[in-house]
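Notes follow the structure.
Whatever order the structure lists ligands and atoms in, that order sets their numbers, starting from 1. All heavy atoms count here, side chains included; hydrogens, waters and symmetry mates do not.
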Amino acid sequence: MTGPDPATALIVVDMQNDFCPGGALGVDGGDLLAPALARAAESAGTVVATRDAHPADHISFAARGGPWPPHCVVGTAGAELHPSVAGMRFDRVQDKSSDPDHETYSGFEGTGLGDYLRGRGVTRVLIGGLATDYCVRATALAAIAEGFETTILTDAVAAVEVTPGDGRRALDEMRAAGGALDRLDLLRDEAALAPILDRKAGRLHEVMGAAGRGKVVIGLSGGIDSAVAMAFAARTLGPEQVIAVRLPSRHTEQVHMDDAAASAAAAGLPESNLLTVSIDPMVDALAGARPTLRGSDIREGNASARARMIVIYDLAQEHGALVLGTENRTENLLGYFTRFGDAASDIEPITDLYKTEVRAAARVLDQPQVVLDKHPTAGLWGGQTDEDELGFTYRDADLALVAMFDLGMTPEAAAERTGVDLDVVRRVKARAEAVAWKHTVPHALPA
Ligand code: VGL
Ligand code: ZN
């Protein structure tokens, strides 16, 4: 986005103290949106802030049977714009929902905002702010209904999530209604990932608490995914609580064993928490029972992944631990995993991070440079690299997947938006669609 476009307006929805952490209705991450909003503002000729502006006896408050605690009451500090955006230059600050007996989430309802924007020659609206599943949603749907070409900036919004998934569902609904989704940054960098890892830490504690377990076991390959999952767990639970196991086969090169050890050391694991278990006896036994196994790289690779799974689960049983998985979003969407092998786990800490983002997370977690720099490999056979096998680079795949799967773009729009070759985008899409069946484990057949 370059230079302000007079036909474009940015609507900054309800970035108020009460909707930010510490406020009456604080939204996780609401205080972190300002940099993205400021960047979006650079491309907009008009910038509008909306504010929830309730009277003290508003119908949406619990005292009157509504769903919310008192919030954004006019004249209170909670109703003020959050300090992170208070310095932005707004052409208009639009108060809304001031009628005590009427709840409205939309910045357009009864405010004259549509006429104001049209009067300034605005045809295109960008939307960010709070909250994705309430006022952003309603304001975006109203902007679409008013005839504005409407884009919701998914990295400049945050959701209340009364029910988990509400944010995603609201975005899908806005897109289905004719809105477009976009992001300031297609892939998240270190600065964006640091607070995400902090939030994941809270979730990990919750899961461990519910299961009544304090430890995790993880298979360490020497690659970046298991390094990041392990380092995140070590930082969150304490390094003594993480048992890492290297699971070499006769195909495993020494460099990966060394890199795994370097990762564990960087994460502060005591040496006694780094184990090594060869899977050769297991795979040899299987090859004895199934003599044609050795003739097929794919069969031997899958058998190896499943042998590792058995060892990891046995260690978890022995130590009263949960199994920590290592799958990233790129591998997940591309089906680049073995069902009941590397895909088997109790907890998946990085399954929402694209490969490129896992690398950024590794920097947040101070993982060694050798691990950051190496070519990703499933290590199924010597010299193998994932990118050769997939036929495109992870960076291109990540950009194409974000554009198509997170933002709902067509392959043509995705190629245009990301700069990735249309032929590569189409191949990524074809692969993701062909392997979508792998995500359901197992397929039940209700009659
Ligand atoms: C909002 C809940 C209640 C919002 C306003 O701004 O999204 N959410 N009032
Ligand atoms: Zn409200």
Side-chain angles (χ1 to χ4, degrees), residues 9-34 36-37 40 47-86 88 90 92-111 113 125-145 150 152-174 177 179 181:
L10 171 68
I11 303 180
V12 174
V13 177
D14 297 10
M15 285 290 293
Q16 292 160 276
N17 289 323
D18 267 346
F19 292 131
C20 288
L25 201 45
V27 178
D28 241 8
D31 53 335
L32 304 174
L33 305 178
L37 292 167
V47 182
V48 173
T50 65
R51 290 192 306 199
D52 222 17
H54 298 315
D57 59 346
H58 193 248
I59 189 165
S60 76
F61 296 173
R64 291 192 59 191
W68 308 117
H71 63 276
C72 299
V73 173
V74 174
T76 67
E80 299 294 319
L81 289 177
H82 189 261
S84 65
V85 297
M88 282 177 74
F90 294 113
R92 176 166 165 133
V93 177
Q94 180 65 64
D95 285 345
K96 64 184 173 68
S97 205
S98 308
D99 179 342
D101 301 321
H102 186 61
E103 167 71 313
T104 159
Y105 292 132
S106 160
F108 286 87
E109 196 176 324
T111 61
L113 182 58
V125 161
L126 308 174
I127 296 183
L130 300 168
T132 316
D133 32 0
Y134 293 93
C135 289
V136 166
R137 172 185 171 278
T139 301
L141 293 175
I144 296 162
T150 303
I152 301 90
L153 301 172
T154 68
D155 53 353
V157 297
V160 178
E161 304 244 319
V162 171
T163 307
D166 281 354
R168 184 70 241 176
R169 277 188 289 276
L171 291 175
D172 290 340
E173 197 185 336
M174 293 179 254
L181 306 183

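Counting only distances under 2.8 Å, and ignoring water, the protein N, O or S atoms around the Zn ion (ligand 2) are Asp52 OD2, His54 NE2, His71 NE2.
Aromatic ring pairs are classed by plane angle as parallel below 30°, tilted from 30° to 60° and perpendicular above 60°; the pair His54 and His58 is parallel.
A donor-acceptor pair under 3.5 Å links the side-chain atoms of Asp133 to the main chain of Val160, judged by distance alone. Formation of a donor-acceptor pair under 3.5 Å by the Thr50 side chain with backbone atoms of Asp14 is found in this model. Between the side chain of Arg51 and the main chain of Ala79, no donor-acceptor pair closer than 3.5 Å is present. Thr111 contributes a side-chain N or O that, together with a main-chain N or O of Phe108, makes up a donor-acceptor pair within less than 3.5 Å. In this structure a side-chain-to-backbone donor-acceptor pair under 3.5 Å is missing from Asp18 to His71.
Within the 4.5 Å cutoff, the side chain of Asp52 has heavy atoms near those of the Phe19 side chain.
Residues Arg169 and Asp172 are not paired through a salt bridge, judged by the lack of any N-O separation under 4.0 Å between the basic side chain and the carboxylate.
Near ligand 1, residues Asp14, Phe19, Leu25, Asp52, Trp68, His71, Tyr105, Leu130, Ala131, Tyr134, Cys135 come within 4.0 angstrom through at least one heavy atom.
None of Met174, Glu161, Arg137 except one satisfies the side-chain contact (heavy atoms from CB on, under 4.5 Å) rule with Thr132; the exception is Met174.
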